[in-house]
Amino acid sequence: MENWTYKNSFFRREIRRVNISRLVFALIVLAIIVFLDTRHTAVLLAAKLSGQAVVSPEEIAAITSPAEQLTQYSFAANYERSAAFDADISLKRLMYQKDGACILVLTPDEILPTDYAATEKNGNVSKSIEYVYARLGDKYLIVKRHVLKPTDTLTGTVGYLPSDIRIAITANSDLPADAILPVIMDTTGDVFASLTTDILFSSMALLLWGIWFFAIVFRAVKHERSPAYKRLFTCHGTVEENARAIDEELQGRTDFGLFGNIVTENWHIRRRPLSFMVEPRTSYIDG
């Protein structure tokens, strides 16, 4: 104990260990937030901001193998209900991309009606959806659009069309089966409908994490704000004197684990991965 210093004491080392553990844990939490939430929002926002690309009927009519010709995104591009999507969620994320944009502008040769329609509810708001055929030369593209917003110029995303949805929409069609393209165009904007909410949620999650991380860093810099320091400060003598007394009773012992309790003649020490506390045995027994 001749060369003893408070800086190298067991008590000070434990506070440093806890601070480092908390910083590492906070960074792990940040990585989880980014991977599970922020990354999705960033990709969705980037896709929205990438603008629109004008495509010709011939480009869309040339799609014969969607799984190979469409681009895989990290967010859902198709909100239809399908057994194929339940079995393989990656199919929901397939979209046609041109020049880095997935929002396409297409002017078909003709718009033809189908006998298939639907009503979708978003909370208390209902909207009428219709499905039409867009003729592209000798091919037909199924298009999902709002009933109240018909237009001859289509703007939306082109995604994978599962066979069960295709059969449901084309059940009463007289068109040749091989003339109907294996993709569907969604002009309702459903793909980006939740973008504002996603941005707000991601921003709030990062803000709360930032406040938490700042508190951890502040406590690491001002170690006297540590609960262990405050508790030891209330004991008889100075913190340095008590820290030296603890080291004298530990006598260089280092064989304790992170989930252990250490009891010496006068002290009760509790070590956890993210916490550390020292109490005089009298207060521990009395409490």
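Please read all numbers here as calculations on a predicted model, not as lab measurements.
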How are the rings of Phe276 and Phe10 set to each other: parallel, tilted or perpendicular (split at 30° and 60°)?
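Perpendicular, since the angle between the ring planes exceeds 60°.
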
Using the ring of each side chain (for Trp, its six-membered ring), is Tyr73 parallel, tilted or perpendicular to Phe75, with breaks at 30° and 60°?
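Plane angle between 30° and 60°, so tilted.
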
Asp186-Thr157 side chain donor-acceptor pair, cut-off 3.5 Å:
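No, no side-chain donor-acceptor pair sits under 3.5 Å.
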
Can you list the steps and then say if Leu136 with Leu106 is a side-chain contact (heavy atoms from CB on, under 4.5 Å)?
CA-CA 10 Å; Leu136 312 177; Leu106 172 66; 4.1 Å; yes

If only atom types and distance count, is the side chain of [X] paired as donor or acceptor with the main-chain N or O of [Y] below 3.5 Å?
{"X": "Arg145", "Y": "Leu154", "result": "no"}
{"X": "Glu14", "Y": "Arg271", "result": "no"}
{"X": "Thr114", "Y": "Tyr131", "result": "yes"}
{"X": "Glu80", "Y": "Phe85", "result": "no"}
{"X": "Asp99", "Y": "Ala101", "result": "no"}
{"X": "Arg13", "Y": "Asn8", "result": "yes"}
{"X": "Asn78", "Y": "Tyr160", "result": "yes"}

[atom2] on [Y] to [atom1] on [X], rounded to 0.5 Å:
{"X": "Leu175", "Y": "Ile180", "atom1": "CG", "atom2": "CD1", "value": "5.5 Å"}
{"X": "Leu30", "Y": "Thr38", "atom1": "CG", "atom2": "OG1", "value": "7.5 Å"}
{"X": "Ile165", "Y": "Ser82", "atom1": "CD1", "atom2": "OG", "value": "4.5 Å"}
{"X": "Thr41", "Y": "Leu195", "atom1": "OG1", "atom2": "CG", "value": "7.5 Å"}
{"X": "Ile199", "Y": "Leu44", "atom1": "CD1", "atom2": "CG", "value": "8.0 Å"}
{"X": "Lys7", "Y": "Arg12", "atom1": "NZ", "atom2": "CZ", "value": "8.5 Å"}

Determine whether [X] and [Y] make a side-chain contact, defined as any pair of heavy atoms from C-beta on separated by less than 4.5 Å.
{"X": "Pro273", "Y": "Ser21", "value": "no"}
{"X": "Phe213", "Y": "Val217", "value": "yes"}
{"X": "Thr187", "Y": "Lys144", "value": "no"}
{"X": "Ile269", "Y": "Leu250", "value": "yes"}
{"X": "Thr64", "Y": "Pro182", "value": "no"}
{"X": "Ile103", "Y": "Lys48", "value": "yes"}
{"X": "Phe201", "Y": "Asp37", "value": "yes"}
{"X": "Asn242", "Y": "Phe11", "value": "no"}

Compare every heavy atom of Asp198 with every heavy atom of His40, then report the nearest pair and how far apart it is.
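Closest pair (atom of His40, atom of Asp198, distance): NE2-OD2, 3.7 Å.
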
Considering all heavy atoms, the nearest Gln52-Thr155 contact:
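So the minimum-distance heavy-atom pair works out to NE2-CG2, 3.7 Å.
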
More than 12 heavy atoms of other residues, nucleotides or ligands under 6.0 Å from CG of Asp152: yes or no?
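12 or below, so no.
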
Any chance CZ of Arg81 has more than 12 other-residue heavy atoms, nucleotides or ligands included, within less than 6.0 Å?
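No, not enclosed.
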
Going hydrophobic residue to hydrophobic residue with side-chain gaps under 4.5 angstrom, can you get from Ile33 over to Leu208?
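Looking at the clustering, Leu208 is in a separate group from Ile33.
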
Given side-chain contact (heavy atoms from CB on, under 4.5 Å), test Tyr96 with Ile60 step by step and report yes or no.
CA-CA 9 Å; Tyr96 188 81; Ile60 302 301; 4.1 Å; yes

Basic-acidic side-chain contact under 4.0 Å: Glu240, Arg244:
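No, this pair does not count.
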
Could you walk me through whether Tyr140 and Ser173 pass the side-chain contact (heavy atoms from CB on, under 4.5 Å) test, one step at a time?
CA-CA 11 Å; Tyr140 294 87; Ser173 173; over 6 Å; no

So Leu70 and Ile63, side-chain contact (heavy atoms from CB on, under 4.5 Å) or not? Walk me through it.
CA-CA 8 Å; Leu70 302 186; Ile63 301 175; 4.2 Å; yes

